[in-house]
Chemist: 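Right, I'll just put the structure down here and ask away after.
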There are 2 protein chains.
Amino acid sequence: MSGKSWFTNPFSNRASMLKRSILLVDDHRILLDGVKNLLAESNDFEVKDTATSGKEALQLMKSNEYDIMVTDYELPELTGLELIRAAKSVLPDMKMIVLSMHDDPAVVKELLRAGIHGYILKKDTHKTLVDALHKVIANRRFLSDEISDLLIQMADEPEEKGVLTTREVEILRLVAKEFSSRQIAEILFISERTVETHRKNILKKTGATNLVGLIKYAYANNLI
Amino acid sequence: MSGKSWFTNPFSNRASMLKRSILLVDDHRILLDGVKNLLAESNDFEVKDTATSGKEALQLMKSNEYDIMVTDYELPELTGLELIRAAKSVLPDMKMIVLSMHDDPAVVKELLRAGIHGYILKKDTHKTLVDALHKVIANRRFLSDEISDLLIQMADEPEEKGVLTTREVEILRLVAKEFSSRQIAEILFISERTVETHRKNILKKTGATNLVGLIKYAYANNLI
DNA sequence: TTTCGTATACCTAGTGGTGGGTATCTATTG
DNA sequence: CAATAGATACCCACCACTAGGTATACGAAA
């Protein structure tokens, strides 16, 4: 809809001076410095601003426009997912690429559902990032090789068997905070029996056999 | 001892063409690319080689010489600590700077004991890295601000209370693999009582009160 | 409307972990 | 040599967690 505006002018489209503006978000300044410097050599892109937290990024978005946001997933204050959802409402036409060190299937899936346009890993090269930038500008999606492999593997799995209900997640979080079933019962104003039932259901759903497996599941699914 | 050789020649010292060679080690290629590019602008340093694993770094050291190694702490195959110890025996005169995302007191202390010359965080700027490089070349040590604050805080604490013995770590790892005390006893050919005693000692040392705290400790200390 | 999922709650039994001890043997270190 | 730290092992009591059940109430979906 609104994306057509520049397309009506056949000249601006090809002008080599028109660089796509990037907002780069990562709490590691040294990476910020490095990537910005690398992209300075590009004719097509330029890092217009950088931010080291989700909050800072959102504030920049309120007073500026960007063609693409490249962001880490692990961020202080806001998580990457929260940032992406917020960004989507502030600048709906902006493309979003996640640059993360994690190749966790659950995270990737969730982010793709949230509407990101690319996902690359920090272990990928600078060239991969540039490829991704070009691809998303052309209204296509880009996934790093490892991530697409991951998604293919995931497709083989029958169905996500282990989706916890909100109540179960709530219980699991409290378990992970070192509360006993009794304490959880007191906190939630429910019977200890109910907590035990929830725990049993969680164990069954996650396939864990004891507390240890539960905590590892919680870590793997970013519940902690 | 051998470090005096260049010092005897007053000219080579100031020659602008003589750049200090750096070996850069990090499993994130995009950071590697970025930092290398940034340092290319420097008159004093140049990234001679890069490696994405400890093994690769060691192989490079066997056939090349470097003035400084800048390495991540979290590495595939070898840990940063192992790499540093190995590097020390291969190239004893090389300076070593750790560039990590973690500000874990225990890790920092251990690395300093292992003989590194600098410790900076990924959240630090490019300038900080350059400062560190200059400092270690001048035979001084460099710690990022946050790290020195950390060491000062640590000095207040009476003594490191929570250092697990190798056997305790071994037990903890097995606990984290969802083995019960009985199973661990069978695996290690020791009595279940002994395992229980170790577990109790681990709980006391880590300050945890139950399994959950134990697993979280294991995660926090990269034992999993 | 009936079925399904979710949250609630209880029962019994059995297993496993926690917390308080004590004690022996070995190796290292002041 | 004596002291210390680490690994080993046992005792008892208590509590928490796990593993089978069953059952009710509610709201949403088929």
Side-chain angles (χ1 to χ4, degrees), chain A residues 106 113 157-221 223-224, chain B residues 106 109-110 113 157-221 223-224:
Chain A
R113 264 199 290 265
E157 288 170 16
E159 191 45 33
E160 25 189 340
K161 54 179 190 289
V163 192
L164 302 185
T165 66
T166 53
R167 191 56 155 180
E168 285 163 352
V169 169
E170 197 177 2
I171 303 271
L172 181 48
R173 278 188 209 269
L174 290 168
V175 169
K177 280 182 185 162
E178 285 166 73
F179 291 116
S180 67
S181 290
R182 180 194 308 281
Q183 290 174 311
I184 295 173
E186 284 167 9
I187 293 168
L188 298 180
F189 301 106
I190 57 178
S191 157
E192 202 179 332
R193 309 288 145 261
T194 307
V195 177
E196 284 166 2
T197 303
H198 282 307
R199 289 179 71 133
K200 277 186 283 191
N201 292 335
I202 296 169
L203 280 174
K204 195 178 286 176
K205 282 186 180 180
T206 58
T209 58
N210 60 21
L211 255 183
V212 180
L214 232 48
I215 302 307
K216 286 165 78 175
Y217 175 89
Y219 267 101
N221 291 80
L223 299 177
I224 303 189
Chain B
K109 237 178 183 172
E110 201 163 19
R113 264 198 290 266
E157 289 170 16
E159 194 41 34
E160 28 188 337
K161 54 179 191 285
V163 191
L164 301 186
T165 66
T166 53
R167 191 57 155 178
E168 285 164 351
V169 170
E170 197 178 2
I171 302 270
L172 180 49
R173 278 188 209 270
L174 289 169
V175 169
K177 280 183 185 161
E178 285 166 73
F179 291 116
S180 69
S181 290
R182 179 194 308 281
Q183 290 174 310
I184 294 173
E186 283 167 10
I187 292 169
L188 298 179
F189 301 107
I190 57 177
S191 157
E192 202 179 332
R193 308 288 146 262
T194 308
V195 177
E196 283 167 3
T197 303
H198 282 306
R199 289 179 70 133
K200 278 186 283 190
N201 292 336
I202 296 169
L203 280 175
K204 195 177 286 175
K205 282 187 180 179
T206 59
T209 58
N210 61 19
L211 256 182
V212 181
L214 232 47
I215 302 306
K216 286 164 78 174
Y217 175 89
Y219 267 101
N221 292 80
L223 300 177
I224 302 190

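Bear in mind the structure is a predicted one, so any value in this text is a computation, not a measurement. Convention: sequence-line order gives letters A, B, ...; per-chain numbering from 1.
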Chemist: Among residues 168-184 of chain A, which ones have heavy-atom contacts with DNA chain D below 4.0 Å?
Modeler: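 Only A:Ser180, A:Ser181, A:Arg182 qualify.
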Chemist: Applying side chain to side chain contact (heavy atoms under 4.5 Å, CB included), name anything that partners A:Thr209, two or more places apart in sequence or on another chain.
Modeler: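 With neighbours one apart ignored, the set is B:Glu178.
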Chemist: What is the distance from CD of A:Glu192 to P of D:dT18, rounded to the nearest Å?
Modeler: 13 Å
Chemist: Considering only heavy atoms of chain B and a distance under 4.0 Å, specify the first and last nucleotide of DNA chain C in 5' to 3' order that meet this criterion.
Modeler: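 Contact span on the strand: C:dG16 to C:dG21.
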Chemist: Return all side-chain donor-acceptor pairs below 3.5 angstrom for residues 181-190 of chain B, not counting sequence neighbours, or 'none' if the list is empty.
Modeler:
unit_1	atom_1	unit_2	atom_2	d
B:Ser181	OG	B:Arg199	NH1	3.0
B:Gln183	OE1	B:Ser180	N	2.8

Chemist: OP1 or OP2 of D:dC10 less than 4.0 angstrom from a side-chain nitrogen or oxygen of B:Ser191, does that happen here?
Modeler: yes
Chemist: So B:Thr194, base contact, sugar-phosphate only, or nothing? Heavy-atom distance under 4.0 Å.
Modeler: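 Here B:Thr194 touches the bases of the nucleic acid.
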Chemist: Under the side chain to side chain donor-acceptor pair (under 3.5 Å) rule, what pairs show up with a residue in residues 167-177 of chain B, not counting sequence neighbours?
Modeler: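 Of all non-adjacent pairs touching residues 167-177 of chain B, those that pass side chain to side chain donor-acceptor pair (under 3.5 Å) are B:Thr165-B:Glu168, B:Arg167-B:Glu170, B:Glu168-B:Lys205.
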Chemist: How far apart are the C-alpha atoms of A:Leu172 and A:Tyr217, what are their side-chain angles, what is the distance that settles it, and do they pass the side chain to side chain contact (heavy atoms under 4.5 Å, CB included) test?
Modeler: CA-CA 10 Å; A:Leu172 181 48; A:Tyr217 175 89; 3.8 Å; yes
Chemist: Taking side chain to side chain contact (heavy atoms under 4.5 Å, CB included) as the test, write out the residues that go with A:Leu203, two or more places apart.
Modeler: A:Ala208, A:Leu214
Chemist: What's the angle between the local helix axes at either end of the helix from C:dT1-D:dA30 to C:dG30-D:dC1, using five pairs per end and rounding to 10 degrees?
Modeler: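 End-to-end axis angle for the helix from C:dT1-D:dA30 to C:dG30-D:dC1: 40°, rounded to 10°.
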Chemist: Work out which heavy atom in B:Ile215 is nearest to a heavy atom in B:Ala176; give both atom names and the distance.
Modeler: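 Shortest heavy-atom separation between B:Ile215 and B:Ala176 comes out as CD1-CA, 3.8 Å.
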Chemist: How would you summarise protein contacts on nucleotides 21-30 of chain D per nucleotide, using B for base, S for sugar-phosphate only and - for none, with heavy-atom distances below 4.0 Å?
Modeler: B---------
Chemist: Base, sugar-phosphate or nothing for A:Asn201? Non-hydrogen atoms, less than 4.0 Å.
Modeler: nothing
Chemist: Can you identify which nucleotide, out of D:dA7, D:dT18, D:dC10, has its nearest atom closest to the B:Arg167 side chain?
Modeler: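 Ranking D:dA7, D:dT18, D:dC10 by closest atom to the B:Arg167 side chain puts D:dA7 first.
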